[in-house]
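Reckoned from all heavy atoms, side chains included, excluding hydrogens, waters and symmetry mates.
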Amino acid sequence: MRLLLILIIAEASAVDLEWWKSALIYQIYPRSFKDSNGDGTGDLNGITEKLPYLQETGIDAIWLSPIFLSPMYDAGYDISDYRQISPEFGTMEDFETLLAKAKGLGLRVLLDLVPNHTSNESEWFIKSKKGDPEYSDYYVWADGINTCTVGETQPPSNWLSEFRKSAWEYSVERGQFYLHQFVIGQPDLNYRNKRVQEEMKDVLRFWLDRGISGYRIDAVNRMYEADPKKFCGRYPDEPRSGDSIAVENDYNYLNHIYTKDQDETYSVIYDWREVLDEYTIKEAEPKNRSLHRPRTYNEILRGRKKERFYSF
């Protein structure tokens with residue numbers, strides 16, 4: 001089961017809270033929803049055309065699966081530019097038209113944000129791979145482990161990708177391995193780099209400035225992995241899970257104690273909450289975000305009694 005949580009601030013009035021607390025949120029996968037121009041691909045204008053119908057069904061908000069620029073190796077969850085719309089879906093003008101139409105109908109719009117990783121076609125990753133000083137530490141890079149065989153280097157750890165086999169891929173250009181907890185084309189961002197944290201907050205602001213009402217956040221519990229500084233400079237191997245069905249390269253073969261649910265994740269989430277609070281104050285509308293697979297309620301709360309969490 002996919003667990004989603006929505007976070008809001010308790011200081012807002014009960015009336016303000018009610019829109020999302022009891023809202024019917026309808027997820028739209030743009031590619032297959034409505035093709036407005038006959039090219040075989042659903043698009044933003046197609047969604048706009050159907051907004052009156054959706055409003056008539058009684059929904060309160062729409063949640064759009066990723067619409068950002070992407071090579072589409074993973075259905076748009078491999079983002080190459082967080083500030084551009086993938087051309088098969090339309091233009092920024094089309095998106096602004098959709099927002100205006102939705103607002104006129106009393107519908108709110110949520111976007112799907114994928115902060116754990118980008119596409120390997122992202123300008124950030126291309127520059128990082130080249131060793132550009134500004135972007136060198138934007139991703140999780142590590143040296144391999146030398147073996148007794150001349151010319152053979154093993155990955156930095158035994159970590160496995162969600163899609164099987166090693167979560168590490170070697171870059172000949174850089175001479176190091178990069179981490180990808182999902183497909184090879186989705187390198188993990190390095191959130192221990194403060195610049196990456198600021199980049200993502202700027203991404204949040206970019207779309208909030210255009211009038212969206214919040215985010216559904218994908219794979220949020222994968223944003224951090226074990227800190228190698230705590231393990232003599234190396235990424236530690238994960239233990240066997242004991243799953244009797246899993247074979248060696250299966251994701252479930254290991255117990256993922258070092259690649260998800262790390263404590264540092266919570267400070268970033270609360271930083272994002274503060275960003276959304278800026279817009280709650282400015283626009284007098286609570287801005288919400290739903291989190292894909294956080295840890296446990298008690299661990300997330302961590303004394304933040306002014307905030308409330310709900311699941312659906």
Side-chain angles (χ1 to χ4, degrees), residues 3-21 23 25 60-61 63-64 66 68 79 81-83 99 103 108-118 124 137-139 188-225 227 260-312:
L3 176 63
L4 299 177
L5 297 183
I6 289 184
L7 166 65
I8 52 94
I9 55 172
E11 284 82 356
S13 72
V15 174
D16 289 336
L17 294 183
E18 195 62 30
W19 85 259
W20 75 271
K21 189 175 178 182
I25 301 174
D60 301 289
W63 148 28
L64 302 182
F68 313 110
I79 297 169
D81 192 326
Y82 289 96
R83 295 176 176 85
L99 280 175
K103 184 175 182 180
R108 291 177 168 86
V109 177
L110 309 178
L111 291 184
D112 215 334
L113 185 69
V114 189
N116 177 69
H117 49 265
T118 69
W124 299 350
D137 199 29
Y138 262 45
Y139 295 84
D188 277 37
L189 286 163
N190 175 22
Y191 277 88
R192 290 195 173 89
N193 181 342
K194 294 295 184 181
R195 291 194 59 183
V196 171
Q197 294 187 30
E198 291 304 314
E199 284 272 21
M200 203 53 64
K201 285 193 282 188
D202 286 344
V203 168
L204 293 175
R205 294 186 180 103
F206 180 85
W207 295 102
L208 289 167
D209 284 340
R210 275 148 185 80
I212 71 164
S213 293
Y215 296 94
R216 178 266 185 183
I217 303 177
D218 184 72
V220 69
N221 64 335
R222 309 291 186 90
M223 287 168 48
Y224 279 89
E225 50 289 318
D227 188 347
K260 64 181 183 180
D261 300 329
Q262 303 300 300
D263 288 345
E264 296 99 321
T265 306
Y266 303 109
S267 63
V268 173
I269 291 172
Y270 284 121
D271 282 347
W272 292 349
R273 175 70 270 169
E274 290 176 3
V275 171
L276 270 64
D277 284 348
E278 296 171 12
Y279 289 82
T280 296
I281 295 169
K282 182 164 54 176
E283 300 176 14
E285 178 199 27
K287 301 294 184 178
N288 304 316
R289 54 185 170 78
S290 62
L291 310 177
H292 175 219
R293 292 189 182 277
R295 204 171 186 179
T296 67
Y297 292 106
N298 289 336
E299 287 167 322
I300 294 173
L301 286 171
R302 300 210 169 209
R304 301 280 185 128
K305 293 183 180 179
K306 72 174 184 177
E307 295 168 333
R308 298 176 184 173
F309 296 81
Y310 299 82
S311 64
F312 65 90

**Q** To the nearest 0.5 Å, what is the distance between CZ (Arg216) and CG (Leu111)?
**A**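 Answer for the CZ-CG pair, Arg216 versus Leu111, is 12.0 Å.
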**Q** Could you state the interatomic distance from OG (Ser213) to CD1 (Ile25), rounded to the nearest 0.5 Å?
**A**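 If we round to the nearest 0.5 Å, Ser213:OG and Ile25:CD1 are 10.0 Å apart.
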**Q** I'd like to check the salt bridge (charged side-chain N to carboxylate O under 4.0 Å, His left out) partners of Arg195; sequence neighbours left out, ordered by chain and number.
**A**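 Partners of Arg195 under the salt bridge (charged side-chain N to carboxylate O under 4.0 Å, His left out) test: Glu134.
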**Q** Applying side-chain hydrogen bond (donor to acceptor under 3.5 Å, both in side chains), name anything that partners Tyr82, two or more places apart in sequence or on another chain.
**A**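 With neighbours one apart ignored, the set is empty.
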**Q** If you measure from CG on Asp188 to CD on Glu225, what distance do you get to the nearest 0.5 Å?
**A**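 Asp188 CG to Glu225 CD: 6.0 Å, rounded to 0.5 Å.
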**Q** Identify the two heavy atoms, one from Trp124 and one from Arg83, that lie closest to each other, and give their separation to 0.1 Å.
**A**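 What the structure gives for the nearest pair is CZ2-NH1, 4.4 Å.
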**Q** Is there side-chain contact between Thr118 and Tyr138, with at least one heavy-atom pair below 4.5 Å?
**A**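 They are not in side-chain contact.
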**Q** For Arg222 versus Asn116, what's the shortest heavy-atom pair and its separation?
**A**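 What the structure gives for the nearest pair is O-OD1, 2.6 Å.
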**Q** Return the CE to OH distance between Met223 and Tyr266, rounded to the nearest 0.5 Å.
**A**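 These two atoms lie 11.5 Å from each other.
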**Q** Looking at Tyr191 and Pro115, would you say the former's side chain and the latter's main chain have a donor-acceptor pair under 3.5 Å?
**A**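 At least one qualifying donor-acceptor pair exists.
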**Q** Within this structure, what is the CG-CD distance for the pair Asp227 and Gln262, rounded to the nearest 0.5 Å?
**A**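 Output value for this atom pair is 9.5 Å.
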**Q** Within the 4.5 Å heavy-atom criterion, are Gln197 and Leu189 side-chain neighbours or not?
**A**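 Not in contact.
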**Q** Give the minimum heavy-atom separation between Val220 and Thr265, together with the two atoms involved.
**A**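 Shortest heavy-atom separation between Val220 and Thr265 comes out as O-CG2, 3.5 Å.
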**Q** Applying side-chain contact (heavy atoms from CB on, under 4.5 Å), name anything that partners Asn190, two or more places apart in sequence or on another chain.
**A**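 Listed in chain order: Asp137, Val140, Arg192, Asn193.
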**Q** If every non-hydrogen atom of Asp112 is compared with every non-hydrogen atom of Trp63, which pair is closest and at what distance?
**A**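 Heavy-atom minimum between the residues: OD2-NE1, 3.2 Å.
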**Q** If you define the side chain from C-beta out and look only at heavy atoms, does anything of Val114 sit under 4.5 Å from Phe68?
**A**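 Side chain of Val114 against side chain of Phe68, heavy atoms only: no contact under 4.5 Å found.
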**Q** Between Arg273 and Ile269, is there a donor-acceptor pair closer than 3.5 Å when you use the side chain of the first and the backbone of the second?
**A**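 Answer holds: no.
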**Q** Specify the closest pair of heavy atoms between Tyr215 and Leu110, including all atoms of both residues, with the distance to one decimal.
**A**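 Shortest heavy-atom separation between Tyr215 and Leu110 comes out as N-CD2, 4.4 Å.
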**Q** Could you measure the distance from the CZ atom of Arg205 to the CG atom of Leu276? Nearest 0.5 Å is fine.
**A**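 Separation between the atoms: 10.0 Å.
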